Amino acid sequence: RPPRSTLFPYTTLFRSLAGTIRVATTETLAATFVLPAIAQLRQQHPGIDIVCMTSKSIANLTKREADVAVRTVRPDSPDLIARRIAQLETGIYASRSYVAARGMPEEGTAFAGHDLVLYPRNEVPWMWEDLCGEPISRGRVVLQSSSAMTVFEAIVAGIGITELVCHRAETRPELVRVLPNRRDTQDVWLVTHADLHKTARVRALMDVIVNVFCAYKKPATPQQTVTA
């Protein structure tokens with residue numbers, strides 16, 4: 001066991017972490033994973049402050065628009081270090097009230113006779129082709145929103161059908177999965193600039209983010225950190 005004099009400087013440093021970290025992510029990942037991680041970090045290191053930026057667009061870490069990013073697209077810049085920390089399943093969901101009123105959509109019918117809630121075409125163009133592989137060509141898009149929170153709550157309110165991250169949708173008893181054979185997956189990447197990767201407060205945030213994702217019921221196969 002190392003002498004107390006050896007341990008003390010490290011322990012003091014670990015407990016006195018302070019400063020601001022800017023983290024960029026999506027609304028869905030923030031609500032489901034990143035905010036619980038920030039809560040853990042604040043308990044461990046109350047001197048650390050967080051600026052959480054949520055957007056569907058990807059923050060440019062190379063230009064230091066953020067210190068850390070949690071996102072579903074792997075970066076290709078050689079200045080960034082990326083680690084895949086999870087693989088999230090997505091499915092198609094509606095509210096129980098919607099299904100009671102309109103019935104279940106049938107696979108292979110391209111949502112004929114059903115209402116859909118989507119992001120605007122210019123923001124998420126792939127959504128206007130299919131949801132988890134089911135074409136949307138015969139469905140009616142009744143609501144568009146740029147906000148992930150609005151899209152999610154619109155489904156809870158019974159406005160229509162959309163594709164959601166299963167882990168989040170399963171937290172709301174009002175929702176039911178439709179077309180259960182239709183599914184997709186999204187890799188989640190934890191990204192930081194190579195210059196910040198070993199900064200103590202950044203490492204502390206990244207550690208709690210990894211811990212939260214590790215508690216997810218379907219974690220990704222462990223991978224070594226790679227340079228993108």
Side-chain angles (χ1 to χ4, degrees), residues 24-36 52-60 69-75 84-189 213 216-218 220:
T25 189
T26 66
E27 286 186 8
T28 297
L29 292 176
T32 313
F33 300 103
V34 177
L35 292 180
C52 186
M53 301 172 290
T54 58
S55 173
K56 287 186 293 298
S57 61
I58 298 174
N60 191 329
V70 183
R71 61 200 198 189
T72 56
V73 178
R74 183 178 180 178
R84 192 184 73 170
I85 56 174
Q87 189 175 73
L88 303 180
E89 182 177 325
T90 62
I92 304 171
Y93 289 85
S95 71
R96 296 183 187 277
S97 62
Y98 176 93
V99 172
R102 304 287 296 276
M104 283 279 197
E106 296 182 6
E107 191 170 337
T109 63
F111 296 103
H114 285 280
D115 296 338
L116 303 174
V117 177
L118 304 180
Y119 295 107
R121 188 192 297 268
N122 65 321
E123 295 183 10
V124 188
W126 59 262
M127 225 180 185
W128 288 75
E129 298 176 4
D130 64 81
L131 300 179
C132 294
E134 179 71 23
I136 71 164
S137 55
R138 299 178 67 190
R140 180 187 176 194
V141 179
V142 298
L143 177 66
Q144 301 176 47
S145 177
S146 298
S147 164
M149 189 69 67
T150 299
V151 168
F152 185 86
E153 293 300 332
I155 303 307
V156 173
I159 294 174
I161 297 170
T162 199
E163 179 178 342
L164 298 172
V165 172
C166 297
H167 185 66
R168 187 179 183 203
E170 290 167 1
T171 67
R172 297 296 291 265
E174 306 98 319
L175 297 182
V176 61
R177 189 167 182 172
V178 301
L179 304 184
N181 292 327
R182 294 292 193 181
R183 62 192 64 208
D184 205 346
T185 58
Q186 299 177 347
D187 288 337
V188 180
W189 297 90
F213 274 97
Y216 172 59
K217 67 179 181 180
K218 295 179 180 178

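A quick note: this is a predicted structure, and the numbers were derived from the prediction, not measured. In this chain, numbering begins with 1 at the start of the sequence shown. All values below come from the heavy atoms of this structure, side chains included, with hydrogens, waters and symmetry mates left out.
Between Leu88 and the options Leu29, Thr185, Thr72, a side-chain contact (heavy atoms from CB on, under 4.5 Å) holds for only Leu29. A salt bridge (charged side-chain N to carboxylate O under 4.0 Å, His left out) with Arg182 is found for one member of Glu89, Glu163, Glu107, Glu106 and no other, namely Glu107.
One finds the CH2 atom of Trp189 at 4.0 Å from the CZ atom of Arg74 (value rounded to the nearest 0.5 Å). Atom CG of Leu131 and atom OG1 of Thr162 lie 5.5 Å apart (nearest 0.5 Å). From Thr90, atom OG1 reaches atom CD of Gln186 across 5.5 Å, with rounding to the nearest 0.5 Å. A distance of 13.5 Å separates CD1 of Ile161 from CZ of Arg140, quoted to the nearest 0.5 Å. In this structure, CZ in Arg172 is found 11.0 Å from CG in Leu164, a value given to the nearest 0.5 Å. The distance from the OG atom of Ser147 to the CD atom of Glu153 is 9.5 Å, given to the nearest 0.5 Å.
Of the possible polar contacts, none joining the Gln144 side chain to the Val117 backbone as a donor-acceptor pair under 3.5 Å is found. Checked by atom type and distance alone, the side chain of Gln87 never pairs as donor or acceptor with a backbone atom of Asp187 at under 3.5 Å.
Shown here for Arg183 and Pro180, the closest heavy-atom pair between the two residues is NH2-O, 2.7 Å. Taking each heavy atom of Ser146 and Glu123 in turn, the nearest pair found is OG-OE2, 2.7 Å. Considering all non-hydrogen atoms of both residues, Cys52 and Ala30 come closest at SG-CB, 4.5 Å. Considering all non-hydrogen atoms of both residues, Asp184 and Cys132 come closest at N-SG, 4.0 Å. Of all the heavy atoms in Ser145 and Val151, the pair that sits closest is O-CG2, 3.9 Å. Across all their heavy atoms, Leu179 and Pro105 have their closest contact at CD2-O, 3.3 Å.
Residues satisfying the salt bridge (Lys or Arg N to Asp or Glu O under 4.0 Å) test with Arg102, not counting sequence neighbours, are Asp115.
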Quiz prompt | Verdict with reasoning, Ser95 to Ser97, per side chain to side chain donor-acceptor pair (under 3.5 Å) | solution = CA-CA 5 Å; Ser95 71; Ser97 62; 2.9 Å; yes
Practice problem: Might you work through the side-chain contact (heavy atoms from CB on, under 4.5 Å) test for His167 and Thr32, ending with a clear yes or no? | Solution: CA-CA 8 Å; His167 185 66; Thr32 313; 3.4 Å; yes
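With a 4.5 Å cut-off on side-chain heavy atoms, Arg168 and Thr28 count as touching. Side-chain contact check for Val70 versus Phe213: some heavy-atom pair is nearer than 4.5 Å. Contact check for Val99 versus Val178: side-chain heavy atoms found under the 4.5 Å cut-off. Within the 4.5 Å cutoff, side-chain heavy atoms of Leu175 are placed close to those of Val156.
Every pair passing ring-ring contact (aromatic ring centres under 6.0 Å, His included) that includes a residue from residues 107-158 is listed here, sequence neighbours excluded: Tyr98-His114.
Ionic pairing of Arg96 and Glu174 is not present here: no N-O contact between side-chain nitrogen and carboxylate oxygen is shorter than 4.0 angstrom. Look at Arg121 and Glu129 and you find no salt bridge, because none of the NZ, NE, NH1 or NH2 atoms lies under 4.0 Å from a carboxylate O.
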